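Written out below as structure tokens is the structure these notes cover.
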Number of protein chains: 2
Amino acid sequence: MSSGRYLVDGKPYIAQRPKRADGRRNYDAILAAARKAFESAGADASLEDIASQAGVAIGTLYRHFPTRASLVEAATRDGLENLVAHAERLTAGPDPLDALIAWMREAVVHFSTFRGLVGILAQSMYDEGTPSHTMCSAMHRSGADLLRAAQAAGRVRPDLTPDELFDLLSGAAWVREQATPDRDGSARFLELALEGITTRD
Amino acid sequence: MSSGRYLVDGKPYIAQRPKRADGRRNYDAILAAARKAFESAGADASLEDIASQAGVAIGTLYRHFPTRASLVEAATRDGLENLVAHAERLTAGPDPLDALIAWMREAVVHFSTFRGLVGILAQSMYDEGTPSHTMCSAMHRSGADLLRAAQAAGRVRPDLTPDELFDLLSGAAWVREQATPDRDGSARFLELALEGITTRD
DNA sequence: TTGACATCCTGAGGTTGCCTCAGGTTGAAT
DNA sequence: ATTCAACCTGAGGCAACCTCAGGATGTCAA
């Protein structure tokens, strides 16, 4: 039974842009095709389709991305890095609650870039043997920092833990993932959640 | 491309207990095996495994349940029927907010009977061409009734819609689904959501 | 009891997607 | 030009999905 972990040489495999020119070309092409495929078919898009869209044999895809999780990780790394970077910028702002709220909104969007992502991220959050774990931990830290600041300012209930914050975020993102174009409840979802975690005047 | 709908003869297929003795025997055996498999492997458990566990050829499984969705529907019908029935009993209770809360707790548990169920139910809620749609609609009505009563009593914010209630429920169930034995945030999730939707004294 | 037949069952086989690996190709460093 | 590590290819084994032609069987009416 495959344990649900994705280890290579005993540690999570993080795809690295290869050195040789043809390697880089293919790596980039695969990544681009993967982003497109994930967007339209979800995280369980056919890898053979992705390879063929990238104009590459299936073996080449597996060379660069030995597991589906590693491909997802590479396809979403940029977006999540931005999210972390944005958190740092927000920390400098005047109102810690506004900062937290803005970040949460942004996080929900990134978490639901394509169908199936939240599940992978939620898994990665607490499973170290996972390509996305590194990025997830970074996000966890960002969120925790913003939360702590808002709590220190007395704007968020002090008993809320970062884990709970991420449960709310993931829930909202999941709702957004499920949403049809005409019905996206994630904004309201977040609004209600915020109602639940902020302190009253 | 299979459209994500599950129609047979243009309408959602609801599995019916067959008439012949051998048919009924197999139907029941398949259902029992399916429940067990879904519980341990999630909604995407192998149908061939289920058939073989039931001591039946794969064709027999497909005869009774032409789609995976129809099998899931049959496997969860009882539980969801109970949920609807319980809602009616709760309506008679003294406190409409307590009733709503109790029902929500129960709903979350039922929605997350096995991994992947919430997604199917959320899909079915708004897609009529789906086996579970009938039961989902019934639940929607139950929830809406309880909500309306709690709102009429001034205990829940009046602007909350049933759809939004179900987004919260689904979110909580999804979090529960993801949870590992040591970390189930769904109870706290619901608590926070309730904090967000109840009116202040 | 015995047809007659609708219902039911079987499992081979076509299809797709996953993933591996032996063998061939090529970029780049010397 | 030579060398070789890095890279690429695609056949092929495996698992799961789903269908369908052919065979078996329970039921019911005579």
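What you see is a predicted model, and the numbers here were worked out from it, not measured in a lab. Below, chain A is the first sequence line, B the second, and so on; all start at residue 1.
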Rounded to the nearest 0.5 Å, what separates atom CD in A/Glu191 from atom OG in A/Ser186?
11.0 Å
Heavy atoms only, 4.0 Å cut-off, all strands: where does A/Pro18 land among base, sugar-phosphate and nothing?
sugar-phosphate
Could you state the atom-to-atom distance from CZ of B/Arg63 to P of D/dA24 in whole Å?
17 Å
Under the side-chain contact (heavy atoms from CB on, under 4.5 Å) rule, what do B/Arg188 and A/Asp159 come out as? Steps first, then yes or no, please.
CA-CA 11 Å; B/Arg188 192 71 210 290; A/Asp159 62 338; 3.0 Å; yes
For the aromatic rings, using the six-membered ring if either is Trp, is the centroid distance between B/Tyr13 and B/Phe65 under 6.0 Å?
no
Using the ring-ring contact (aromatic ring centres under 6.0 Å, His included) rule, collect all pairs that involve residues 106-164 of chain A, keeping only residues at least two apart or in two chains.
A/Phe38-A/Phe114, A/His140-A/Phe166
Nearest whole Å is fine: how far is D/dC18 P from B/Arg68 CZ?
7 Å
Mark yes or no for whether B/Arg68, through its side chain, and B/Ala43, through its backbone, hold a donor-acceptor pair below 3.5 Å.
yes
For DNA chain C, which residues in residues 41-62 of chain B have a heavy atom at a distance below 4.0 Å?
B/Val56, B/Ala57, B/Ile58, B/Gly59, B/Thr60
Nearest whole angstrom, please: distance from the P of D/dC17 to the CZ of B/Phe65.
15 Å
List the steps, then state whether side chain to side chain donor-acceptor pair (under 3.5 Å) holds for A/Asp163 with A/Thr161.
CA-CA 5 Å; A/Asp163 282 6; A/Thr161 68; 5.5 Å; no
Tell me: CZ of B/Arg17 to C1' of C/dC8, nearest whole Å?
15 Å
Atom pair distance, as rounded to whole Å: OH in A/Tyr27 and P in C/dG27:
21 Å
Using 0.5 Å steps for rounding, measure from the OG1 atom of A/Thr199 to the CD atom of A/Gln151.
10.0 Å
Partner of A/Asp22 under salt bridge (Lys or Arg N to Asp or Glu O under 4.0 Å), chosen from A/Arg20, A/Lys19, A/Arg25
A/Arg20
Do any N or O atoms of the protein come closer than 3.5 Å to N or O atoms of nucleotides 28-30 of chain C, and which pairs are they?
residue: C/dA28; atom: OP1; partner: A/Ala21; partner atom: N; Å: 3.2

